[in-house]
**Student:** 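Below you will find the structure I want to go over with you.
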Amino acid sequence: MPTSHRIRVVDAFTDRPFAGNPAGVLLLDAFPEDTWLQNVAKEVNHAETAFAHPLPLGGDADWALRWFTPATEVALCGHATLATAHVLHTTGAASGTVRFTTRSGVLTATAHEDGTLTLDFPTAPLTAAEVPDGIAKALGAEPLLAYDTGRNTGDLLVELADEKTVRSLTPDHKALVRHSERGIIATARAEDPARGGYDFVSRCFFPRVGIDEDPVTGSAHTALAPFWSERLGRTELTGLQASARTGLVHTRLRGDRTLLTGRAVTVIEGELFA
């Protein structure tokens, strides 16, 4: 009989089911071979599936963590980290602050009494870039400017004219593939922050790694936080990712670290026989 593994689907950066960004989460004793991990992620078929296993006591981290899209392993993922921390805390496998060793260094997730979780991630090093030829046609809107987000994410961040433009995008995903290592982050200032409760909007497109549009992208906010903090003059902001599912990410910029706070809810729990 095949080995059984407990598997969960968690909606991250939301406080209700069927919103935010769903991630598969598997807690293991050790990492099996990469082919198995990739096949599970393909079977789950969400933007990311997180795999974690506990580490010996006394080290720099408590758990090892990896993330896979249906097509490839990625170096940094916010929502699947939030989902993993949620599972660890709701199952009693961890409490307080959890340290994860990852391809992007040691990341932490801290649980708060109000049910929120805060991730401590490296801030993306933004570098001004030329707006690539053809991206306006591929995206369906003319970018005002562009920034490269560095090696951890490998995205191209583009500012658009306004919130309405971001919300109405209908990009050519195949054409977007050639414009960045991972994907495109499209963003604009919120039309009415006082009424909406958020400071900026974004949408994220990652067809190169098998995700046409990611519902809510924690890692993208490590670039969005410094980008908008500089323009708005505040280190604490709230971003709305304006996908069909939507989700809120609260950001706090601390120099070379960005804190991302949100909620999560488990929507599916079952057994994987493989």
Side-chain angles (χ1 to χ4, degrees), residues 2-55 61-104 106-112 115-121 206 209-211 214-219 245 247 249 260-274:
T3 301
S4 172
H5 299 278
R6 201 69 177 164
I7 186 170
R8 298 166 176 86
V9 174
V10 176
D11 288 344
F13 292 114
T14 184
D15 59 359
R16 56 189 174 88
F18 314 127
N21 201 351
V25 178
L26 284 90
L27 305 183
L28 306 167
D29 295 326
F31 290 136
E33 62 182 20
D34 288 4
T35 300
W36 186 88
L37 299 173
Q38 188 63 72
N39 283 336
V40 172
K42 189 181 298 184
E43 187 78 9
V44 173
N45 202 32
H46 285 312
E48 266 90 11
T49 297
F51 303 91
H53 71 75
L55 295 171
D62 309 303
W63 289 76
L65 177 62
R66 296 172 71 181
W67 314 276
F68 286 75
T69 77
T72 189
E73 185 174 8
V74 296
L76 187 66
C77 180
H79 87 277
T81 304
L82 191 79
T84 303
H86 169 78
V87 169
L88 291 174
H89 285 92
T90 56
T91 61
S95 61
T97 296
V98 182
R99 301 168 300 166
F100 298 104
T101 183
T102 75
R103 289 175 59 181
S104 293
V106 175
L107 310 175
T108 66
T110 301
H112 306 291
T116 61
L117 292 155
T118 296
L119 308 179
D120 185 331
F121 272 30
F206 305 126
V209 294
I211 308 164
D214 198 35
V216 189
T217 314
S219 61
R245 293 174 64 100
V249 183
L260 309 172
T261 298
R263 297 179 180 273
V265 57
T266 301
V267 292
I268 297 174
E269 184 172 349
E271 296 294 323
L272 171 69
F273 296 101

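We use all heavy atoms of the structure for the numbers below, so side chains are in, but hydrogens, waters and symmetry mates are not. Along the sequence shown, residues carry numbers from 1.
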**Student:** For F206 and T217: C-alpha separation, side-chain torsions, deciding distance, then whether side chain to side chain contact (heavy atoms under 4.5 Å, CB included) applies.
**Tutor:** CA-CA 10 Å; F206 305 126; T217 314; 3.7 Å; yes
**Student:** Ignoring hydrogens and angles, tell me if any N or O in the side chain of T91 forms a donor-acceptor pair with the backbone of V87 under 3.5 Å.
**Tutor:**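 Checking the backbone N and O of V87 against the side chain of T91, a donor-acceptor pair under 3.5 Å is found.
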**Student:** Is the closest side-chain heavy-atom distance between T14 and V216 below 4.5 Å?
**Tutor:**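 SC-SC contact between T14 and V216 ruled out.
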**Student:** Could you state the interatomic distance from OG1 (T108) to CZ (F100), rounded to the nearest 0.5 Å?
**Tutor:**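 Here the rounded value is 9.0 Å.
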**Student:** Enter the distance from L26:CG to R6:CZ here, rounded to the nearest 0.5 Å.
**Tutor:**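 Answer rounded to 0.5 Å: 11.0 Å.
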**Student:** Applying side-chain hydrogen bond (donor to acceptor under 3.5 Å, both in side chains) between D11 and each of R16, R263, R245, report the one that passes.
**Tutor:**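 Result for side-chain hydrogen bond (donor to acceptor under 3.5 Å, both in side chains) with D11: R245.
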**Student:** Quick check: does any side chain N or O of S104 sit under 3.5 Å from a backbone N or O of A75, one acting as donor and the other as acceptor?
**Tutor:**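 Side chain of S104 to backbone of A75: a pair is present.
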**Student:** Do other residues, nucleotides or ligands put more than 12 heavy atoms under 6.0 Å from the CD atom of E269?
**Tutor:**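 Atom CD in E269 is crowded, with more than 12 foreign heavy atoms closer than 6.0 Å.
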**Student:** Between L82 and L260, is the side chain to side chain contact (heavy atoms under 4.5 Å, CB included) condition met? List the steps.
**Tutor:** CA-CA 9 Å; L82 191 79; L260 309 172; over 6 Å; no
**Student:** Starting at CG of L107, measure out to CG of D120 and round the result to the nearest 0.5 Å.
**Tutor:**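 Output value for this atom pair is 8.0 Å.
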**Student:** Do E271 and H5 have side chains that approach each other closer than 4.5 Å (heavy atoms only, starting at C-beta)?
**Tutor:**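 The answer is no; the side chains never approach within 4.5 Å.
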**Student:** On a heavy-atom basis, which atom in D62 and which in T97 lie closest, and how many Å separate them?
**Tutor:**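 Residues D62 and T97, closest heavy atoms: OD2-O, 4.1 Å.
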**Student:** Tell me which pairs pass ring-ring contact (aromatic ring centres under 6.0 Å, His included) where either residue lies in residues 78-97, with sequence neighbours left out.
**Tutor:**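 Checked against ring-ring contact (aromatic ring centres under 6.0 Å, His included) - neighbours excluded - no pair reaches residues 78-97.
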**Student:** Which heavy atom of P215 sits nearest a heavy atom of N21, and at what distance?
**Tutor:**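 That closest heavy-atom pairing would be CD-OD1, 3.3 Å.
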**Student:** Counting N and O atoms only, with roles assigned by atom type, does the side chain of Q38 sit under 3.5 Å from a partner on the main chain of T69, one being a donor and the other an acceptor?
**Tutor:**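 Yes.
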**Student:** Would you call F13 and V249 a side-chain contact if the rule is heavy atoms closer than 4.5 Å?
**Tutor:**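 When only atoms from C-beta onward are counted, V249 and F13 do touch, with a gap below 4.5 Å.
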**Student:** Would you tell me whether W67 and T81 have side-chain atoms, one donor and one acceptor, within less than 3.5 Å of each other?
**Tutor:**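 On atom types as modelled, these side chains qualify, holding a pair under 3.5 Å.
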**Student:** For a quick test of reading the model, state the closest non-hydrogen atom pair linking A109 to L119 and the distance between them.
**Tutor:**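 Shortest heavy-atom separation between A109 and L119 comes out as CB-CD2, 3.7 Å.
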**Student:** Hey, can you pull the donor-acceptor pairs under 3.5 Å for the side chains in residues 44-53, sequence neighbours left out?
**Tutor:**
none

**Student:** Side chain to side chain contact (heavy atoms under 4.5 Å, CB included) for L27 and W63? Distances and angles first, verdict last.
**Tutor:** CA-CA 10 Å; L27 305 183; W63 289 76; 4.2 Å; yes
